[in-house]
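Presented below is the structure to which this report refers.
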Amino acid sequence: MSVRSHDQALRARDLLRQIAVISSLVFTLVAVLVGVGGLGGTAVENSQGGALDSDATYLAPAGPAFSIWSIIYAGLVAYVVWQALPSQRASERQRALGWWVALTIVLNGLWLVAAQLLPIWATVIVIFLLLAALCVTFQRAVATRVPGDGAADAVLLDGVTGLHLGWVTVASAANVAAWLTEVGPTSWEDHAHAWGVAVLVVLGTLGLGIAWASGWRVTPGLAIGWGAVWLAAGRLLDQPRSEPIGIAAIIVAAVVVVIPVAVAGLRLLKPQGD
């Protein structure tokens with residue numbers, strides 16, 4: 001293949017990637033409209049017989065927690081518009097991340113479709129696929145980041161992907177809890193407080209692990225902390241009540257937010273020559 005033919009093929013693949021990212025957002029925005037009860041669909045909290053509602057399980061965050069989706073979706077829309085610019089077509093970061101971001105956007109939409117049309121176990125499969133895709137996407141965002149990439153790269157790639165990953169980590173735990181509550185015997189509730197605390201310990205460990213592995217990026221921890229705070233609010237102020245889970249959630253929120261922010265702050269203050 002000649003150099004000219006190779007360049008033409010590369011430009012064609014770049015354009016295809018941009019179109020695919022745009023298409024993924026269109027699909028998911030339609031799924032969101034259905035997921036909030038528009039277009040004849042059932043709102044997510046009322047689907048699956050109410051199993052996904054904010055008061056359905058001990059690991060479900062209170063309703064206001066889900067407002068973080070507004071920030072995530074706004075960030076994804078901004079990213080899709082930005083990556084579609086001609087200046088981003090041949091960007092090496094876009095080549096490394098664009099298809100993966102598109103996959104995470106599509107999986108978001110597929111989860112909403114699964115919540116509407118499929119058994120609850122299917123939503124667990126989809127959300128774990130989404131979590132895995134976000135882990136790869138965020139890892140690639142960290143690995144390809146170099147000084148001088150600019151604020152747009154930092155916010156729309158690293159920042160939005162980090163928030164998305166952190167929130168889906170919390171949502172995965174809540175989704176599994178909803179599934180187990182549906183299929184498990186009522187006797188499992190006798191141990192719900194202990195299991196809830198154990199899951200939160202794992203959640204906090206994952207939050208710190210993500211921060212450490214990403215060079216102490218703070219956005220995943222902010223999203224996990226946000227979810228944990230509202231989980232605490234749900235268990236301390238609403239039903240089903242659980243003081244052990246509520247207190248554990250507050251501790252987890254503090255750990256996953258304060259430690260990464262503190263380490264990142266110290267690294268910024270550290271002289272470059274040290």
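Just so it is clear, the structure is predicted and the values come from calculations on it, not from any experiment. Below, each value reflects all heavy atoms present in this structure, side chains not excepted, and no hydrogens, waters or symmetry copies.
The heavy-atom pair separating T57 from A178 by the smallest distance is CG2-CA, 3.6 Å. Of all heavy-atom pairs spanning Q88 and W82, the tightest one is CG-O, 3.3 Å. Taking every heavy atom of both residues into account, V21 and G98 meet most closely at CG2-O, 3.5 Å. Across every non-hydrogen atom of V252 and G204, the tightest pair is CG1-CA, 3.8 Å. Counting all heavy atoms, side chain and backbone alike, G50 lies closest to A56 at O-CB, 3.4 Å. Nearest heavy-atom pair, G196 versus I245, reported as atom, atom and distance to 0.1 Å: CA-CD1, 3.8 Å.
The hydrophobic cluster containing W111 also contains L129, counting ILVMFWY residues as joined when their side-chain heavy atoms lie under 4.5 angstrom apart, directly or transitively. The cluster map of Ile, Leu, Val, Met, Phe, Trp and Tyr, joined by side-chain heavy atoms under 4.5 Å apart, puts I105 and Y73 in the same cluster. Side-chain heavy atoms closer than 4.5 Å link hydrophobic residues (I, L, V, M, F, W, Y) into clusters, and following such links, even through other members, never connects L236 to L200. If you chain together hydrophobic residues whose side chains sit under 4.5 Å apart, V255 and L222 never meet in one group. Linking ILVMFWY residues whenever their side-chain heavy atoms come closer than 4.5 Å, directly or via other members, places V160 and L103 in the same cluster.
With T144 as the partner, the side chain to side chain donor-acceptor pair (under 3.5 Å) test is satisfied by one option alone out of R93, Q139, Q94, R95: R93. Of the residues listed (S67, P64, P61), the one engaging W226 in a side-chain contact (heavy atoms from CB on, under 4.5 Å) is S67, and it is the only one.
With rounding to the nearest 0.5 angstrom, the CD1 atom of I120 is 12.0 Å from the CD1 atom of I125. Expressed to the nearest 0.5 Å, how far CH2 of W230 lies from CG of D238 amounts to 11.0 Å. Interatomic distance, I72 CD1 to T161 OG1, rounded to the nearest 0.5 Å: 10.0 Å. Here the straight-line distance linking atom CG of L203 with atom CG of L231 works out to 8.5 Å at 0.5 Å rounding. Considering CG of L157 and CG of L97, their distance stands at 5.5 Å, rounded to 0.5 Å. The distance from atom OG of S172 to atom CG of L130, rounded to the nearest 0.5 Å, is 7.0 Å.
The shortest distance between side-chain heavy atoms of L16 and W99 falls below 4.5 Å. Side-chain contact between Q18 and L15: present, with at least one pair of heavy atoms (C-beta onward) separated by less than 4.5 Å. Counting only heavy atoms from C-beta outward, the side chains of L180 and W195 never approach each other to under 4.5 Å. Residues V101 and Q83 fail the side-chain proximity criterion, which asks for heavy atoms closer than 4.5 Å. Looking only at side-chain heavy atoms (C-beta outward), L165 and L131 come within less than 4.5 Å of each other. No side-chain heavy atom of W69 sits under 4.5 Å from any side-chain heavy atom of V32. Looking only at side-chain heavy atoms (C-beta outward), Y58 and E189 come within less than 4.5 Å of each other. With a 4.5 Å cut-off on side-chain heavy atoms, W179 and T123 do not count as touching.
Proximity of a side-chain donor or acceptor of Q48 to a complementary backbone N or O of A115 within less than 3.5 Å is detected. Between the side chain of R140 and the backbone N or O of W100, no donor-acceptor pair lies under 3.5 Å. Listed for the R235 side chain is a donor-acceptor partner under 3.5 Å among the backbone atoms of A60.
Shown here is W188, whose CH2 atom has more than 12 heavy atoms of other residues, nucleotides or ligands within 6.0 Å.
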Checklist entry - Step by step, would you call H164 with T137 a side-chain contact (heavy atoms from CB on, under 4.5 Å)? => result CA-CA 10 Å; H164 201 175; T137 307; over 6 Å; no
Checklist entry - Please walk me through it: do L10 and R13 pass side-chain contact (heavy atoms from CB on, under 4.5 Å)? => result CA-CA 5 Å; L10 195 58; R13 287 197 296 268; 3.3 Å; yes
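Ion pairing between a basic and an acidic side chain is recognised when a charged N comes within 4.0 Å of a carboxylate O; R17 and D14 show such pairing.
Side-chain rings of W167 and F66 approach one another, their centers coming within less than 6.0 Å.
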